[in-house]
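These notes concern the structure reproduced below.
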Amino acid sequence: MRNKINIRSIFYTITLLLYSAQWISAQNLEISHGPYLQYVTSNEVTIGWSTSKNTISWVEYYVEDGSNFYQKEREKIFDASDGLKNISLLHSVTLKNLKPGTKYAYRIYSQEVKEDRSFGKTVATRVYKREPLYFTTQPLKKDQISVVVLSDMHENTAKVGSLLKGVEWDKTDFVLLDGDFVDSFESESDLYGGVLDTCVNIFAQKKPLVIVRGNHETRGIKAHELKKYFHFPEDKYYYTYKIGNTFFIILDSGEDKADSDIEYNGFADFDAYRSEQAKWLSEVVKSDEFKNAEHKIAFMHIPPYDDNRGQEWHGDLEVRLKFVPILNKAGIDLMVSGHTHHFSFQTPKSEENNFPILVADHKTRYNLLIDKTGIKIKGIDIDSKEVLNMFIEKYK
Ligand SMILES: [Fe+2]
């Protein structure tokens with residue numbers, strides 16, 4: 001009997017301790033995800049992260065000069081809109097007016113805001129006895145640009161880890177997820193546990209992450225909220241990004257089936273969206289900034305052409321009809337797509353695409369090396385084996 005009582009009391013004690021531990025951790029303020037860098041140009045950077053409780057948040061930063069973070073008061077930029085500091089679980093701070101080609105040290109801070117609007121604890125990335133985080137702005141002129149492309153990762157973190165082995169981070173300008181990094185956006189764990197935390201652990205605290213929306217990011221009950229988690233320069237999933245003399249166009253190909261398809265439950269309106277985007281694209285290619293760029297590269301999840309002639313779906317035909325005629329007149333050097341999970345390379349054809357299209361598969365990392373001679377493309381598989389090595393010569 002005595003033994004039974006002891007066992008029972010030990011059981012109750014352990015249960016109580018477990019509940020207390022859970023309660024304490026639920027009470028703790030912590031940086032739950034990030035920080036991750038986005039949109040690093042010659043004069044700005046955006047830093048995103050999330051916290052376990054509602055906070056106001058800010059970034060402190062300085063030009064790396066070998067000094068310690070604690071040496072003096074550092075410049076602070078708050079996550080704020082319309083004159084008020086944002087109170088949120090998700091945080092985004094854009095640092096502007098930075099110097100080109102300069103290494104900066106940064107640190108993120110979040111201070112709890114309780115329900116009665118009083119302040120609680122503050123958390124920050126650690127700099128005590130350890131290096132702060134760094135980013136480097138792009139120089140105004142750049143001879144070589146190196147981009148890493150992953151497509152259709154579908155929340156497979158182990159694969160992301162394997163594919164990013166051996167990347168020379170010092171030489172890499174950004175990593176681009178060419179769509180379908182989530183399978184269906186049902187909860188935050190699909191995004192963070194899916195791919196984003198892995199990107200943060202491997203590179204995104206020091207190198208920017210560029211997001212292309214794929215058709216799978218448009219699915220799930222949180223699909224409408226994807227924008228809250230990433231920085232899109234004009235608050236649109238289609239945008240441009242310029243480094244040195246290279247101009248990147250990021251397009252959103254939308255869903256792959258007709259809007260009325262049963263799979264979309266009546267929520268899809270992509271035909272009108274692609275038409276609106278085509279209007280925007282035709283203005284982009286008229287701009288001096290675009291025309292004067294030396295290299296012009298487009299990213300779009302669904303390829304307008306692939307090895308599937310006669311078997312196209314509605315999305316393929318839409319992007320072919322609405323975007324390709326504009327791009328054909330614009331002197332595009334390369335388009336990089338994904339979606340099919342199969343590698344193919346579409347050479348320029350006079351009646352179709354007059355620019356090359358690389359269709360990335362889902363088990364290869366593609367390294368693009370862009371310089372004045374052209375674009376070198378390397379494909380590296382999950383065993384770090386080179387499976388593709390090709391060169392697109394710059395048309396003079
Ligand atoms: Fe897809």
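Only heavy atoms go into these numbers, but all of them, side chains included; no hydrogens, no water, no symmetry mates. Ligands are counted one by one from 1 in listed order, and the atoms in each one are counted from 1 as well. Just so it is clear, the structure is predicted and the values come from calculations on it, not from any experiment.
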What's the atom name of the N, O or S in Asp180 nearest to the Fe ion (ligand 1)?
-> OD2
Aromatic centroids of Tyr238 and Trp280 separated by under 6.0 Å = yes
Between Lys121, His91, Glu112, which is the residue that forms a side chain to side chain donor-acceptor pair (under 3.5 Å) with Thr55?
-> His91
Run the ring-ring contact (aromatic ring centres under 6.0 Å, His included) check on Tyr241 and Tyr39 step by step: do they pass?
-> CA-CA 7 Å; Tyr241 191 22; Tyr39 214 70; 4.8 Å; yes
Heteroatom N/O/S of Thr340 within less than 2.8 Å of the Fe ion (ligand 1) = no
With distance as the sole criterion, is a donor-acceptor pair present between the side chains of Asp173 and Gln138 under 3.5 Å?
-> yes
Is the distance from the Fe ion (ligand 1) to the nearest N/O/S atom of His216 under 2.8 Å?
-> no
Distance-only side-chain donor-acceptor flag, Gln38 / Thr46, under 3.5 Å = no
When you measure from the Fe ion (ligand 1) to each N, O or S atom of His339, which atom gives the shortest distance?
-> ND1
Is Asp256 close enough that one of its N/O/S atoms sits under 2.8 Å from the Fe ion (ligand 1)?
-> no
